[in-house]
Amino acid sequence: AQKVTQAQTEISVVEKEDVTLDCVYETRDTTYYLFWYKQPPSGELVFLIRRNSFDEQNEISGRYSWNFQKSTSSFNFTITASQVVDSAVYFCALSEALNSGGGADGLTFGKGTHLIIQP
Amino acid sequence: DGGITQSPKYLFRKEGQNVTLSCEQNLNHDAMYWYRQDPGQGLRLIYYSQIVNDFQKGDIAEGYSVSREKKESFPLTVTSAQKNPTAFYLCASSIEAGRSSGELFFGEGSRLTVL
């Protein structure tokens with residue numbers, strides 16, 4: 001069965017600090033997709049990134065960067081020079097392409113990391 | 001603008017009552033999903049639908065029911081059989097069905113409180 005673990009329940013940093021959110025996943029499939037979503041206080045989840053299992057290149061988008069390492073089954077998310085507007089709950093999620101686990105469709109989410117950026 | 005609309009945003013109900021949460025999308029997406037979010041629990045899949053007139057149970061379907069009579073609509077009924085219905089409910093859609101390689105688009109959620 002697929003599983004996503006976000007061990008950090010809550011992280012609090014001061015504005016302008018760099019912060020890394022950890023994500024570790026488990027899957028039996030060789031083809032899968034990893035996602036990060038942001039949930040601001042309004043409640044709606046906002047898509048940040050999708051990465052397929054065959055692309056281990058790190059990605060940078062402005063102050064956001066993602067480090068995908070298949071060897072450690074991790075897909076970590078780093079915010080550089082954090083800002084108060086980055087405060088939110090961040091979810092890592094996994095989707096298996098071939099459904100070898102027999103589970104339902106849709107994404108499997110981690111429990112989320114509540115990120116607090118203090119001014 | 002295209003998107004997913006959930007209503008009501010806040011809902012209170014007495015124990016023993018059924019309640020229906022609305023989810024409408026104008027993105028022309030085939031697949032729709034209902035997730036439940038509890039503090040510290042992340043999102044858990046309740047039901048999903050890959051096509052009109054078809055839907056499948058997710059991980060925590062007991063005490064819930066859905067219908068998919070129209071492509072754009074996927075209402076969720078929380079029945080009196082659901083033992084702990086107080087939660088935040090999120091509806092989502094994706095372009096295509098099947099094991100999702102695509103992103104999910106989410107509504108703003110409905111917060112249900114049982115009094």
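Side-chain atoms are counted along with the backbone in the values below, which use heavy atoms only and exclude waters and symmetry mates. Numbered from 1 within each chain, the chains take letters A, B, ... in sequence-line order. Bear in mind the structure is a predicted one, so any value in this text is a computation, not a measurement.
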**Message:** For chain B, which candidate among A/Q39, A/H114, A/E10 shows the most heavy-atom pairs at distances under 4.5 Å?
**Reply:**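 Top count of heavy-atom pairs under 4.5 Å with chain B: A/Q39.
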**Prompt:** So which part of B/E108 gets closer than 4.5 Å to some heavy atom of chain A, the side chain, the backbone, both or neither?
**Reply:**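 The answer is both parts of B/E108.
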**Message:** Does any backbone or side-chain atom of B/Q6 lie under 4.5 Å from a heavy atom of chain A? Answer side chain, backbone, both or neither.
**Reply:**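 Interface part for B/Q6: neither.
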Should we count [atom1] of [X] as having more than 12 external heavy atoms under 6.0 Å?
X     : atom1 : result
B/Y10 : OH    : no
A/K16 : NZ    : no
A/I60 : CD1   : no

Any link between [X] and [Y] through a network of hydrophobic side chains (Ile, Leu, Val, Met, Phe, Trp, Tyr) touching at under 4.5 Å?
X      : Y     : answer
B/V114 : B/Y89 : no
A/Y25  : A/W36 : yes
A/F109 : B/M32 : no
A/I79  : A/W66 : yes

**Prompt:** Got A/Y37 and B/L104 here, is their nearest side-chain heavy-atom distance under 4.5 Å?
**Reply:**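 In contact.
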**Message:** Just so I know, are the side chains of B/L43 and A/L45 near enough to count as touching, which here means a heavy-atom distance under 4.5 Å?
**Reply:**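 Result yes, sub-4.5 Å side-chain heavy-atom pair found.
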**For the student: nearest non-hydrogen atoms of B/F106 and A/E44, plus distance** =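 Scanning both residues completely, I find the closest heavy atoms to be O-OE2, 3.3 Å.
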**Request:** Determine yes or no for a side-chain-to-main-chain donor-acceptor pair under 3.5 angstrom, with B/Y33 supplying the side chain and A/L107 the backbone.
**Result:**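 Here the side-chain-to-backbone pair does not exist.
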**Region of A/T9 that comes under 4.5 Å of a non-hydrogen atom in chain B** =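 Neither; nothing under 4.5 Å.
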**Request:** Specify which of B/R44, B/Q37, B/K9, B/R111 makes the most heavy-atom pairs with chain A at under 4.5 Å.
**Result:**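 The option with the most such pairs is B/Q37.
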